[in-house]
Amino acid sequence: MTDHQALVRPNIIEMDPYKPIVPFEVLSEQLGRPTEAIIKLDANETPYGPCPQAVDALTRIADEMPIYPDPQSRRLRERLAEYTGVDMAHILCGAGADELIDLTMRLFLGPGDAFVNCPPTFGMYTFDGGLVGAQEIVVDRCADFSLDIDAVEGTIRETGAKIIFIASPNNPDGGVVDHADLERLLALPLIVVMDEAYMEFSHAESVAQRVPATPNLIVLRTFSKWAGLAGLRIGYGIYPLWMMDHLWKIKQPYNVNVAADAAARASLDNLDLLLERVERIKAERDRLFTLLHTINYLTPTPSDANFILCDVSGIEAGELKRRLAEDHGILIRYYNKPRLENRIRVTVGKPAHTDALIAALRQIGEGL
Ligand SMILES: Cc1ncc(COP(=O)(O)O)c(C=O)c1O
C-alpha cells in the first residue's frame with residue numbers, strides 16, 4: 001500500500017510545528033477576565049489602536065469588496081513613495097512584513113541554499129527558511145545583542161550564504177545595527193535584508209533611501225506596530241529594481257486585500273496623529289525603562305523599539321509571566337531558551353498600563 005505521508009517534502013516532515021499565539025478572546029476566557037480588563041503587553045502592538053480615519057475608510061470600501069484588488073497596489077505604493085522618499089517602482093506591498101520575508105526567501109533560496117540568521121531575533125526567519133528547505137547558518141549575537149560582525153563576515157565567506165536577515169531595531173532586545181557593521185555586510189557578496197518593522201520608534205535613521213543605489217540591500221517595513229493595523233496584515237518591502245522584476249513574477253496576484261490597502265492609505269494620510277502617538281510611546285518607553293530599573297529583580301535592556309527586554313533574577317520568568325497574567329491580568333512575553341535564559345519582554349503601553357505593571361511587579365517582588 002502506498003505510504004501517502006512519505007510523499008510530503010522531507011524538510012516539512014522534519015520541521016517543528018509552528019506554535020501559534022493563543023487568540024485574545026481565548027486568553028480572556030482562560031484568565032476569567034473580560035478583554036477590557038486585560039493589559040496586553042505581549043506582542044508589540046500599539047495601545048492606541050488604528051487612527052479613526054483608517055476605521056472610517058473601512059466603511060467606504062463596499063464597492064471594492066466584490067472586485068479583486070489591484071495586484072500592484074498602485075495607490076498605496078504612491079503614498080508609500082512619499083512616506084519613504086523612495087520611488088514606488090522599488091516598493092512591493094504584502095500581507096504584513098511576514099509575507100515579504102517569505103517572498104524574499106523564495107526569491108533567493110531553494111533546498112540546501114544557505115542563509116545567515118543572528119539570534120536571538122525574530123522567529124520567522126528560521127520558520128520561512130525551513131519552509132523552503134534552506135540551510136540556516138546561525139551566528140549568535142554578542143552578549144550585548146550587537147552583531148558579532150567578525151563572525152558573520154567569516155561565516156559568509158566560508159559558507160557562501162546567499163542572504164542574511166537582520167532586524168533593526170532587533171526583536172526582542174530593541175537594539176539597532178551599527179552603521180559600520182552594515183557597511184561591512186553590504187560589501188560582501190550576498191543580499192542584506194534589513195527588517196525595519198520597528199523603525200518608527202527608533203532614534204536611528206531608516207536605510208530605505210539607500211536601496212535604489214545599493215544592489216544588495218532590501219528594507220522591510222510594516223503598518224502592524226506604529227499604525228495599529230496588525231490585524232489587517234499590511235507591510236511592504238523596498239527592493240532594488242532588478243529584484244522587483246522577479247518579485248512581480250512570484251508574488252500571489254491578490255496578496256493585499258482592499259481593507260488593508262484602504263486602512264494603510266488612510267494611515268499615511270493621517271501621519272500627524274499617528275506619529276504623535278509614536279512620540280508618546282517613545283516617551284513612555286523611557287519612563288517604563290526608568291521604572292523597570294527600580295524593580296530589584298529585573299535588569300532592563302535599553303531599547304529603540306516599542307518593547308523592553310528584561311533579565312529576571314530571583315524568580316523564574318515563566319512563573320513571573322503566569323503571576324502577572326493570572327493575578328493581575330497583565331500579559332507579557334517570556335523567554336527561556338539559549339541566549340535568552342530567564343528573560344521577559346514587555347511592550348510599551350499607555351501610562352496607566354505602565355503604572356499597573358510596575359505596581360504588580362512591586363507586589364510580586366515583596367513576596368520574593
Ligand atoms: C522584527 C519583526 N519583523 C516583522 C514582524 C512581522 O510584522 P508583520 O505584522 O508586518 O507581519 C515582526 C512582528 O512581530 C517583527 O518583530
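Just so you know, ligand 1 is whichever comes first in the structure, and atom 1 is the first atom listed for that ligand. Keep in mind the model is a prediction, meaning the values are calculated, not measured.
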Query raised in the report: Considering only heavy atoms, which protein residues lie less than 4.0 Å from any atom of ligand 1?
Result: G96, A97, D98, F122, A167, N171, D195, A197, Y198, T222, S224, K225, R233
Listing, residues 127-138 side-chain donor-acceptor contacts under 3.5 Å, not counting sequence neighbours, or none:
| from | atom 1 | to | atom 2 | distance (Å) |
| --- | --- | --- | --- | --- |
| E136 | OE2 | N117 | ND2 | 2.8 |
| E136 | OE2 | T126 | OG1 | 2.9 |

Query raised in the report: Which of parallel (below 30°), tilted (30 to 60°) and perpendicular (above 60°) describes W226 and Y83?
Result: parallel
Query raised in the report: What residues, two or more places apart in sequence or in another chain, satisfy ring pair (Phe, Tyr, Trp, His ring centres under 6.0 Å) together with F307?
Result: Y198
Report summary line: side chain to side chain donor-acceptor pair (under 3.5 Å) filter on R287, not counting sequence neighbours, yields E284, D355
Query - Under-4.0 Å salt bridge between R184 and D150 - result: yes
Query raised in the report: Regarding R285 and the six-membered ring of F201, is the cationic atom NZ or CZ under 6.0 Å from the ring centre and inside 45° of its axis?
Result: no
